[in-house]
Amino acid sequence: MSLNGRQTLTRYLIEERRRFPQASGELNGLILDISLAFKSLARIVSRGPLTDVEMPEAGAVNVQGEVQKPLDVLSNEIFVRMNEWSGHLGGMASEEMDEPCQIPPSYPRGKYLLVFDPLDGSSNIDVNVAVGSIFSILRAPPEVVKTGRDVVEADFLQPGAAQVAAGYAIYGPTTQFVLTVGNGVAVFTLDHDLGEFVLTRQNVQVPEDTQEFAINSSNSRFWEPPVKRYVDECLAGRTGPRGKDFNMRWIASMVAEAHRILMRGGVFMYPRDTKDPARSGRLRLLYEANPLGFVMEQAGGRASTGRQPVLGVKPSELHQRIGLVFGSKNEVERIERYHHEPVAMSVAPAPLFATRSLFRD
Ligand code: F6P
Ligand code: MN
């Protein structure tokens, strides 16, 4: 058993910290606790029906209106238990908890906030397809740090640009931990024999161009005109305005889509649509869009609401939903551009002025 010259996550974090002599090591401690939650979940997910862990009852309907599966409930519990004791956190928030989660009085409170989606894509569990966990680390407001008071929703309503670190774990054929602390993106692969995450990719770069897109096209009748235009142009392929053929993928596990895009480029869209006018998108800003947006931007990709960079959005609610487009920079910029061009041009082109000729590059 050997590392073959590779670094463990612990070593990577310690060496990164050396660049900041004033850093206390708390962020590293927090990231390592998160990695322990990932290891624990990787084991449970990989054993599937052979699990030797007692499963909780299926949960109620969560604040999102989704039925919580036993594994959603368990993964949330694992995240909370692995992180509440350390003294690094002022509070937590999760997709699976309606309200912010307080650090129990028996433990010290710290200077960071942890926001997470403990099991993303959990509808894929029953069919043995990759799922993941997503996290975002924010600074607790100074007043929280000073007084140690309970956290409230407003403490978490910080734009994605304020994230200190973010990332995800993907539980696929291998378990990988993708991390950014604002200095590029690193990928660690879980070595089950060592029980350690081992650095396997550094300075990951998302290719700027792509011929692959991901969108749930069963929603196409609800799409806004700029999205419809973009997809139509991709589908038109080599003889259309883009002059090249596109391929399409949809896993319905955002972490898995994000990982594919991080590794080989592509564009992911879950745009705002008219399906449910009460919702301004499907995915959640604080624990889905922002952390993945941070990872994408740190890898040279781009993340957008379709209209503006996602990391610049000032959240208004803990469980706020938002339109999300991320991936290869040039494609995301094109989609943003389409959103800013006059709608009339892209809705119903007169027969004489086919979309193709109007919008040729
Ligand atoms: O958490 C939301 C999520 O499961 C994402 O992982 C995924 O991209 C999306 O929902 C799938 O949505 P749909 O079921 O509409 O394809
Ligand atoms: Mn999710």
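Ligands are counted one by one from 1 in listed order, and the atoms in each one are counted from 1 as well.
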Discussion item. Under 4.0 Å, heavy-atom basis, I'd like to know which part of Glu257 is in contact with ligand 1: side chain, backbone, both or neither.
Written reply: neither
Worksheet item: Just heavy atoms, cut-off under 4.0 Å: does Leu283 contact ligand 1 by side chain, backbone, both, or neither?
Response: side chain
Ligand-side contact atoms (ligand 1) for residue partner [X], heavy atom cut-off under 4.0 Å:
X      : value
Trp250 : 16 (O)
Glu288 : 1 (O), 2 (C)
Ser253 : 6 (O)
Gly121 : 4 (O), 6 (O)
Asn216 : 13 (P), 15 (O), 16 (O)

Item to complete: Please write down residue, atom name and distance for the protein heavy atom closest to atom 14 (O) of ligand 1.
Response: Arg282 NH2, 3.8 Å
Worksheet entry | Nearest protein heavy atom with distance in Å, relative to atom 6 (O) of ligand 1 | Met254 N, 2.7 Å
Worksheet item: Does ligand 1 have any atom that is closer than 4.0 Å to a heavy atom of Glu95?
Response: no
Practice prompt. Quickly, which of Val115, Leu157, Asp155, Asn290 forms a side-chain contact (heavy atoms from CB on, under 4.5 Å) with Leu138? Name it, please.
Written response: Val115
Discussion item. Would you say CD of Glu99 has more than 12 non-hydrogen atoms from neighbouring residues, nucleotides or ligands within 6.0 angstrom?
Written reply: no
Worksheet item: Relative to each other, are the rings of Phe177 and Phe188 parallel, tilted or perpendicular (30° and 60° limits)?
Response: tilted
Discussion item. Ring-plane angle category for Phe326 and Phe268, please: parallel below 30°, perpendicular beyond 60°, tilted otherwise.
Written reply: parallel
